[in-house]
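Note that the structure is a prediction, hence the values are computed from the model and not measured.
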Amino acid sequence: MNKDKQLDCDESLGVCGLSPGEEGAVQREPKKLELYVFVDPLCPECWAFEPTLKKLVLEYGHYFSLRFFVAAHLDSWNVSENKQHKEQRNLADLYEQTGYQTGMSCDGDVWHENPVNSPYAPSLAIKAAEMQGRQLATVFFRRIREMLFLDKKNIADEKVLTDCARHVGLDVDEFQKDIHSDCAVKALQCDVKTTKEMEVEKSPTFIFFNDCVEDGGLKVSGLYSFDVYIEIMKEMLGKEPIPKEKLSLEEFMKKFEFVATKEVAVVYDWSEKVAKAKLNELALQQKIEQVPVKHGVFWKSIV
């Protein structure tokens, strides 16, 4: 499997993921690996992968760059109303199951109360947000999923998308122009094209490339334990990757601002019980506050 060299609408870091390094930082040496990540804004498994992705980037981001692609299966929504209702019921069940099993809350009631009629609008919005910079697009993508999975908002509604843009600090006037622009459409088409060329059939899918152009990429579809991704990195680097020192929990909360207990547990290799106890300590110091959700608890930085 060879990397696509014709993507003039993509940058070396993706649209909707976490940057392995600070934006604008000077890299002292080239990254040895490149990781393509294919995601769908409606996909609960992509949401459930957030804790592992955070841990991967925080500990090993100095070894790889990320390129994210919106891989929503847009054609699959062009069905009859009856079939669409059936698909929505299936998604409601999948959201509930994912939230219960993974600790990353997904409220399936959105598909009964406020269903999203297509992933097209949020996918286009992600590309529009990207035009204002990688970091803002990252935060925007996280925010629209919080609105969907936690707040049961219809993220195909342009008003909801505009509210998200305003919330994360995007220039709202520019965002509204860009979401209706040919440039955003072209960028989304580019992602769809790459998804097909890479034979990506489900989200999330990850393709690891090393710096040897003769080697093909290594594709991993679906969710696996953290150790699996480290073994892949070890194989492709030809050596054992060395993790960075962890941030303190307070630094972590300041950096990400709104996270699930599960995310903290995964990043710090704690049980959820220990993670909650540590987070409660910060809450008692009035540095964060607890935000109850349908499945589990989220925490919000207030300093």
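Residues D40 and C46 share a closest heavy-atom pair of N-SG, 3.6 Å. In terms of heavy atoms, I144 sits closest to I155 at O-CG2, 3.4 Å. Summarising the geometry of G108 relative to Y95, their closest heavy-atom pair is CA-CB, 3.6 Å, with the distance given to 0.1 Å.
Although no hydrogens or angles enter the test, the distance criterion places a donor-acceptor pair under 3.5 Å between the side chain of D191 and the main chain of V70. Side chain of Y100 to main chain of C106: no donor-acceptor pair is present (N/O by atom type, distance under 3.5 Å, no hydrogens or angles). T261 places a side-chain N or O within donor-acceptor distance of the main-chain N or O of V297, the cut-off being under 3.5 Å.
Residues satisfying the salt bridge (charged side-chain N to carboxylate O under 4.0 Å, His left out) test with D157, not counting sequence neighbours, are none. Applying the salt bridge (charged side-chain N to carboxylate O under 4.0 Å, His left out) rule to E59 yields the partners K55, K246; only residues at least two apart in sequence or on another chain are considered. In terms of the salt bridge (charged side-chain N to carboxylate O under 4.0 Å, His left out) criterion, D93 has no residue partners (sequence neighbours excluded). Looking at residues two or more places apart in sequence or on another chain, you find a side chain to side chain contact (heavy atoms under 4.5 Å, CB included) between H112 and A92, D109. Scanning for salt bridge (charged side-chain N to carboxylate O under 4.0 Å, His left out) contacts around K278 gives an empty result, with sequence neighbours left out. In this structure, Y63 has no ring-ring contact (aromatic ring centres under 6.0 Å, His included) partners at least two apart in sequence or on a different chain. Here D163 pairs with K159, R166 under the side-chain hydrogen bond (donor to acceptor under 3.5 Å, both in side chains) rule; sequence neighbours left out. Taking S181 as the reference, nothing meets the side-chain hydrogen bond (donor to acceptor under 3.5 Å, both in side chains) condition, with sequence neighbours excluded. Residues satisfying the side chain to side chain contact (heavy atoms under 4.5 Å, CB included) test with A156, not counting sequence neighbours, are V116, N117, A121, P122, N154.
For residues 280-303, every residue pair satisfying the ring pair (Phe, Tyr, Trp, His ring centres under 6.0 Å) rule, not counting sequence neighbours, is listed here: F258-F298. For residues 217-241, the ring pair (Phe, Tyr, Trp, His ring centres under 6.0 Å) pairs, not counting sequence neighbours, are F49-Y229, F206-Y229. Under the side-chain hydrogen bond (donor to acceptor under 3.5 Å, both in side chains) criterion, the residue pairs touching residues 279-290 are E250-K287, Q285-K287, with sequence neighbours excluded.
Between F141 and F68, the gap from one ring centroid to the other reaches at least 6.0 Å. The aromatic ring centres of F64 and Y60 sit 6.0 Å or more apart.
Under the 4.0 Å criterion applied to side-chain N and carboxylate O atoms, E263 and R142 are assigned as salt-bridge partners.
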